Each structure stands twice: as structure tokens, then as C-alpha cells.
Amino acid sequence: MKFRSAFLLGILGLFVPLAAQFNTTPEQLKEHVYILASDSLLGRGFGTPQGLQVAKYIAEQFEQAGIEPVGTSYLHPFNYRKGILNIPGNNVVGVIRGTDPELQDEYILLGAHYDHLGWKIVSGDTIVYNGADDNATGSSSIIEIGRNLVAGKASLGRSVILVAFDGEESGLIGSKQFLKDSIVPQHQVKVMFSIDMVGMVEAHEGVDLKGIEKLDSHQYMATELAERYDLKITKEGTQTEQRTDTAPFGKSGIPAIAVFTGTESPYHKPEDTAEKLDYDGMAQVANFMTDATLFLSNEAIISSVAGEAEEGKSVASSGKSFRFGVRLNTGSSQHNYVDRFYKGKRIFATGAGVMMNIKAAGFLNIQPELLYETKGSQHQDGVFRTHSLTTPLNLLIISPEDEMVRTFAQIGGYYSYHFGGQAGGTDIDFTNEYNNQEFGITFGFGVEMMHVQWGLYFQKGLSDLNRLSGDRIRHENIYFMLGYLF
């Protein structure tokens with residue numbers, strides 16, 4: 001087996017540089033991207049008619065390229081149930097049969113998600129999230145890589161599965177469903193590549209291949225093979241990327257590599273449009289991936305660690321153990337006069353700043369924050385308002401990570417340092433009359449979806465604002481919270 005594979009690879013190495021029939025051009029990729037990222041497709045939202053239209057387009061391209069369907073159709077429909085919603089989705093699946101009798105029942109899987117963020121209405125105008133780099137680039141690439149592999153089929157040992165995944169932006173739904181439905185037996189998939197955002201090679205100064213060190217031949221692929229296509233490999237490693245469709249495959253024990261050129265494009269913004277992309281770089285990546293697939297299809301062993309499931313790895317859309325973000329709280333506050341058994345009249349309160357979300361366990365996150373905060377109450381002399389630096393520290397008990405919309409409850413504490421304020425237009429005396437430090441408890445609940453958190457958040461002071469003997473005064477606040485985690 002090893003002798004035959006080496007012989008075939010030697011012959012292949014003589015002819016690959018001359019094989020113009022599987023040389024992807026920038027123009028081929030550009031044509032697909034301009035269609036997939038057009039305004040008329042309204043951002044290819046999950047479960048939309050435009051998403052189905054894209055799935056049918058990719059299926060047509062598979063057929064024209066000579067890629068066979070798996071079963072009777074290229075479309076593999078599924079339904080995603082969330083609450084009262086029943087969202088229809090479609091993965092597009094094709095296969096190129098290998099020619100080695102001993103290897104053809106094993107698969108190399110090349111995947112790319114085709115969905116994006118859809119559209120919204122702003123001041124009466126339709127704003128489309130075209131998603132040119134994310135991920136019209138990957139969807140276009142697997143079409144042309146498939147075309148290349150059909151042309152070079154005689155040199156293909158293992159079979160190749162090509163999948164355009166739906167629902168990635170909503171929680172890797174299509175890739176999870178592909179595995180759940182066993183479109184092909186999982187144990188026969190020997191390696192998976194997710195081609196997700198590959199339109200910024202020049203700006204990124206290369207291409208990431210996160211997870212490639214799980215492959216036995218990773219050194220050859222990242223050096224000699226990459227040099228053949230004038231590509232610099234910017235990231236490697238053994239860790240499976242959790243923010244793309246590699247995550248469910250890695251969790252299932254399948255070596256999974258993320259092919260990625262960074263977020264130099266306007267990531268998740270309406271400005272991610274087709275004219276901004278590096279199509280020459282895309283073609284380099286497509287041709288490299290064609291050659292890499294042909295090479296791996298004839299390797300005796302692709303990965304010695306295949307079958308080792310990555311226990312504890314997250315498959316959420318966020319995926320990271322540490323996430324940074326921004327936070328805005330808006331609401332109202334009042335003073336609780338503890339000894340007099342009444343509360344002051346509420347005034348507007350707000351806080352804004354940064355936060356970090358740390359994954360402690362599958363259902364538990366730790367979230368420290370640093371906020372500028374202004375709060376207070378109506379006072380006998382007028383509005384009493386403080387200006388503070390506040391550092392909440394919360395524990396979030398959060399629902400399973402594979403859900404599109406995650407709910408959470410939070411509880412914790414906070415510390416505030418009051419650096420200024422006024423009561424009825426007069427500066428507050430934090431030296432003699434009022435304490436400039438405060439601590440208390442926090443609690444709340446909310447939801448997280450596609451990097452965004454929102455919900456209700458409560459602060460209840462446990463320390464007294466009043467420094468003098470007499471009335472005990474404590475802050476109480478109610479906020480609507482809004483956060484974004486990168």
C-alpha cells in the first residue's frame with residue numbers, strides 16, 4: 001500500500017504543475033461570488049426563500065461540474081425546531097468517487113457554509129448583509145475545487161464529499177445535522193476541511209490552517225505544498241477551530257481543519273461586498289486545496305489521532321474560552337432610605353464599558369466588566385447623581401451551547417468608586433458627607449444569540465452612601481442590558 005501510494009504521488013507530482021484542466025482562475029470564483037453575494041439574495045438568511053435559491057444554485061453547479069449527488073438529490077433538507085419556530089434548512093451534498101479499490105469507501109470532506117445574516121430595515125431602507133467573504137468565498141471555492149477534482153479523478157484514491165452547509169451563522173446547525181443524519185458513515189470520514197472566509201489572502205498575508213497538525217503529513221502540506229502555490233501558512237496547531245463547521249466534526253473525533261484568511265473584511269457588516277475581495281488569492285487557496293485533497297486521498301494514513309473525540313470542546317457559535325465585548329446598560333435608579341422605609345423617586349441611569357466572558361464549564365460562564373456608570377435619585381435639594389467606575393463580576397448559568405438562542409440567569413456582585421457627582425447643582429462632598437465607595441449584589445436574566453446578549457439586570461447596594469450617622473441610604477438600579485461579544 002505505502003509503495004503504491006508513493007509511486008502514485010510521484011507520478012502525480014510530475015503532472016500536477018502542467019494540468020491546466022484543474023487550475024482554478026480568479027474569474028471563475030468572482031462569477032460565483034457576485035451571484036451569491038448579490039443584493040437580490042438578501043443575505044442568504046437561514047430558512048429563507050433566498051437561502052433555498054442559493055442551495056439550488058450550488059446544486060446546479062455541482063451537477064454541471066460532474067459532481068454526483070449522494071442519494072437521489074443534491075439537497076438534503078432538515079428542520080430546525082426552536083420553541084414555536086420550525087425552520088427549514090438545506091445542506092447541499094455531492095460526492096466524487098475515488099478510484100482506489102481499498103480506499104474509495106473512505107472520505108475526505110470539504111465543507112463551506114453558504115448562509116449569512118440576512119437583512120434588516122433601517123429608516124425604511126433595506127440593508128443587506130451580503131456576506132461576500134463570509135462565506136460566498138468558501139461556497140464558490142468548493143464548487144471549483146470539486147470541478148478540479150472531477151477533472152483529476154483518475155488520480156483520486158479516496159472519495160471526496162463536498163458539502164455546502166446551511167445554518168452555520170445560527171449555531172453550526174447544518175454541520176451538526178449532517179453528522180446526526182449520517183449522510184455518510186462518520187467512521188469513514190477521515191478528515192474534514194471547512195473553507196470559511198478565504199477572500200483576504202493578501203491582507204491577511206497568507207492563510208490559516210488551524211488544526212492541520214493533527215494530520216501526519218502536515219509538515220509537507222504547510223511547507224512544500226504551500227510553497228508550490230506561493231502561499232504562506234499563518235496559523236497551524238492541533239486545536240480544532242470552534243467558530244466554524246469544524247467544531248462538530250472535531251467533537252466527533254474527525255480531524256477538522258479550518259481554512260481561513262482572517263476577519264480583515266468587514267466581518268458581519270453590510271459592507272462585506274464582492275468588490276473588496278482578493279480573487280487572485282482565492283484562486284491560490286482553491287488550487288492548493290485541490291492539490292492537498294489529491295495528496296491526502298492517496299495517503300495510507302491521514303491522521304494517527306483520528307477517532308479521538310475532543311471531549312469538552314464547545315460547538316457553540318461563539319466557541320472561544322475567552323471572549324471580549326462591549327456593554328451598555330440603560331434604565332433607572334433610586335435611593336432606598338433603609339431606616340425610613342421609603343424610596344426616592346427614580347431618575348435615568350446608565351452604564352457603558354467593556355466586558356470579558358470566560359467559559360468555566362458547559363453551562364457556567366464568568367463575566368467580569370468595567371463600566372462607567374451614572375446613577376442616583378431625586379433628593380430634597382434636587383437631583384442627586386453620582387459618576388462612578390463600576391466593576392461587576394457575574395456568574396452566568398447558561399443553556400446548552402448547541403442552541404441557536406441561549407438563555408441565561410446571572411448573579412454576582414459589584415464594586416463602585418464614585419469619582420464625582422452633584423446634588424441640586426452642588427458638588428457632592430465625598431470627604432465628609434458621603435462615601436465614595438460602594439458594593440452590592442447583582443442579578444438578572446437574558447438571552448444570547450449570534451454574539452449579542454440582552455436582558456434585564458438589577459443592582460442592589462449593600463453599603464451605605466451616607467457617611468454621617470443617621471439615615472442609611474443605598475442605591476437600587478434596574479437596567480436593560482445590551483452587550484456584544486466578539
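Worth knowing before you read on, the calculation uses all heavy atoms, side chains too, and leaves out hydrogens, waters and symmetry mates. Keep in mind it's a predicted model, so treat the numbers as computed, not measured.
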Enquirer: State, yes or no, whether a side-chain contact exists between Thr223 and Leu225 at a heavy-atom distance under 4.5 Å.
Expert: no
Enquirer: Identify the residue among Met197, Glu264, Lys276, Met282 that makes a side-chain contact (heavy atoms from CB on, under 4.5 Å) with Asp133.
Expert: Met197
Enquirer: When you measure from the side chain of Ser303 to the backbone N and O of Lys214, does any donor-acceptor pair fall under 3.5 Å?
Expert: yes
Enquirer: Is the count of non-hydrogen atoms from other residues, nucleotides or ligands lying under 6.0 Å from Phe363 atom CZ greater than 12?
Expert: no
Enquirer: Measure up the Phe178 and Phe249 rings against each other and bin them: parallel (under 30°), tilted (30 to 60°), perpendicular (over 60°).
Expert: tilted
Enquirer: Provide the closest heavy-atom pair for Thr261 versus Gly206 in the form atom of the first, atom of the second, distance.
Expert: CG2-O, 3.7 Å
Enquirer: Indicate whether the side chain of His32 and that of Tyr57 have a donor and an acceptor atom separated by less than 3.5 Å.
Expert: yes
Enquirer: Ignoring hydrogens and angles, tell me if any N or O in the side chain of Lys180 forms a donor-acceptor pair with the backbone of Ser175 under 3.5 Å.
Expert: no
Enquirer: May I ask you to say whether Lys232 pairs ionically with Glu202, meaning some side-chain N is under 4.0 Å from a carboxylate O?
Expert: no
Enquirer: Is it the case that Gln367 and Asn394 place a side-chain donor and acceptor less than 3.5 Å from each other?
Expert: no
Enquirer: Parallel under 30°, tilted from 30 to 60°, perpendicular over 60°: which one fits the rings of His335 and Phe384?
Expert: perpendicular
Enquirer: Looking at OG1 of Thr137 and CD1 of Ile195, how far apart are the two atoms once the value is rounded to the nearest 0.5 Å?
Expert: 9.0 Å
Enquirer: Before you tell me yes or no, could you show the steps for Glu236 and Lys210 under salt bridge (charged side-chain N to carboxylate O under 4.0 Å, His left out), namely the whole-Å CA-CA distance, both residues' side-chain angles and the distance that decides it to 0.1 Å?
Expert: CA-CA 5 Å; Glu236 300 178 43; Lys210 293 187 70 173; over 6 Å; no
Enquirer: Considering residues, nucleotides and ligands other than Gln219, do more than 12 of their heavy atoms fall under 6.0 Å from its CD?
Expert: no
Enquirer: Do Arg406 and Val447 come within less than 4.5 Å of each other through their side chains, counting heavy atoms only?
Expert: no
Enquirer: Going by heavy atoms in the side chains, are Ser141 and Val285 under 4.5 Å from each other?
Expert: no
Enquirer: Any carboxylate oxygen within less than 4.0 angstrom of a Lys/Arg side-chain nitrogen, looking at Lys235 and Glu241?
Expert: no
Enquirer: If you draw a 6.0 Å radius around CD in Glu433, do more than 12 non-hydrogen atoms from other residues or ligands fall strictly inside?
Expert: yes
Enquirer: Has Arg327 got its NZ or CZ under 6.0 Å from the middle of the six-membered ring of Tyr457, at an angle within 45 degrees of the ring axis?
Expert: yes
Enquirer: Could Asp115 and Arg44 be called an ion pair, given the rule that one side-chain N must be under 4.0 Å from one carboxylate O?
Expert: no
Enquirer: Check step by step if side chain to side chain donor-acceptor pair (under 3.5 Å) holds for Arg385 and Thr374.
Expert: CA-CA 7 Å; Arg385 181 178 293 280; Thr374 177; 3.2 Å; yes
Enquirer: Would you kindly say whether Thr273 and Asn130 are connected by a side-chain donor-acceptor distance under 3.5 Å?
Expert: no
Enquirer: Given side chains that start at C-beta, do those of Asn365 and Arg323 come closer than 4.5 Å, heavy atoms only?
Expert: yes
Enquirer: Between the side chains of Ser463 and Arg474, is a donor N or O closer than 3.5 angstrom to an acceptor N or O?
Expert: no
Enquirer: For Phe324, does the CZ atom sit with more than 12 other heavy atoms under 6.0 Å from it, leaving out its own atoms?
Expert: no
Enquirer: Spell out, as yes or no, whether a donor-acceptor pair under 3.5 Å connects the side chain of Asp216 to the backbone of Ser304.
Expert: yes
Enquirer: Kindly assign one of parallel, tilted or perpendicular to the pair Tyr484 and His451, based on the angle between their ring planes and the thresholds 30° and 60°.
Expert: tilted
Enquirer: Tell me, with the steps shown, if Glu438 and Tyr414 meet side chain to side chain donor-acceptor pair (under 3.5 Å).
Expert: CA-CA 8 Å; Glu438 174 187 338; Tyr414 73 93; 2.5 Å; yes
Enquirer: Would you name the heavy atoms of Gln186 and Leu179 that are closest together and state the gap between them?
Expert: NE2-O, 3.2 Å
Enquirer: Does His268 form a side chain to side chain donor-acceptor pair (under 3.5 Å) with Asp134? I'd like the steps, not just the answer.
Expert: CA-CA 8 Å; His268 279 189; Asp134 184 15; 3.3 Å; yes
Enquirer: Do Thr390 and Ser388 get their side chains close enough for a donor-acceptor pair, meaning under 3.5 Å?
Expert: no
Enquirer: So which atom in Asp464 and which in Asn435 form the shortest heavy-atom distance, rounded to 0.1 Å?
Expert: O-ND2, 2.8 Å
Enquirer: Apply the side chain to side chain donor-acceptor pair (under 3.5 Å) test between His113 and each candidate in Asp196, Asp166, Asn91, Asp245; give the one that qualifies.
Expert: Asp196
Enquirer: Just say parallel, tilted or perpendicular for the rings of Tyr229 and Phe288, cut-offs at 30° and 60°.
Expert: perpendicular
Enquirer: For the OG1 atom of Thr350 and the CG atom of Asn477, what is their distance to the nearest 0.5 Å?
Expert: 11.0 Å
Enquirer: Where is the tightest heavy-atom contact between Thr244 and Ser194, given as atom of each residue plus distance?
Expert: OG1-OG, 3.0 Å
Enquirer: Please indicate whether Asp230 has more than 12 foreign heavy atoms, meaning atoms of other residues, nucleotides or ligands, lying under 6.0 Å from its CG.
Expert: no
Enquirer: Is there a side-chain contact between His475 and Thr386 (heavy atoms, below 4.5 Å)?
Expert: yes
Enquirer: Just wondering, do Val163 and Ile161 contact through their side chains at under 4.5 Å, heavy atoms?
Expert: yes
Enquirer: Between Gln459 and Glu373, do the side chains contain a donor N or O and an acceptor N or O under 3.5 Å apart?
Expert: yes
Enquirer: Take atom CD1 in Ile397; do more than 12 heavy atoms of anything else shown fall under 6.0 Å from it?
Expert: no
Enquirer: Taking the side chain as everything from C-beta on, heavy atoms only, tell me whether Tyr34 gets closer than 4.5 Å to Glu275.
Expert: yes
Enquirer: Grab the two heavy atoms, one from Ala55 and one from Tyr114, that are nearest each other, plus how far apart they are.
Expert: CB-OH, 3.6 Å
Enquirer: Does any N or O in the side chain of His116 come within less than 3.5 Å of the main-chain N or O of Tyr129, such that one atom is a donor and the other an acceptor?
Expert: yes
Enquirer: Give the minimum heavy-atom separation between Ala112 and Asn135, together with the two atoms involved.
Expert: CB-ND2, 3.7 Å
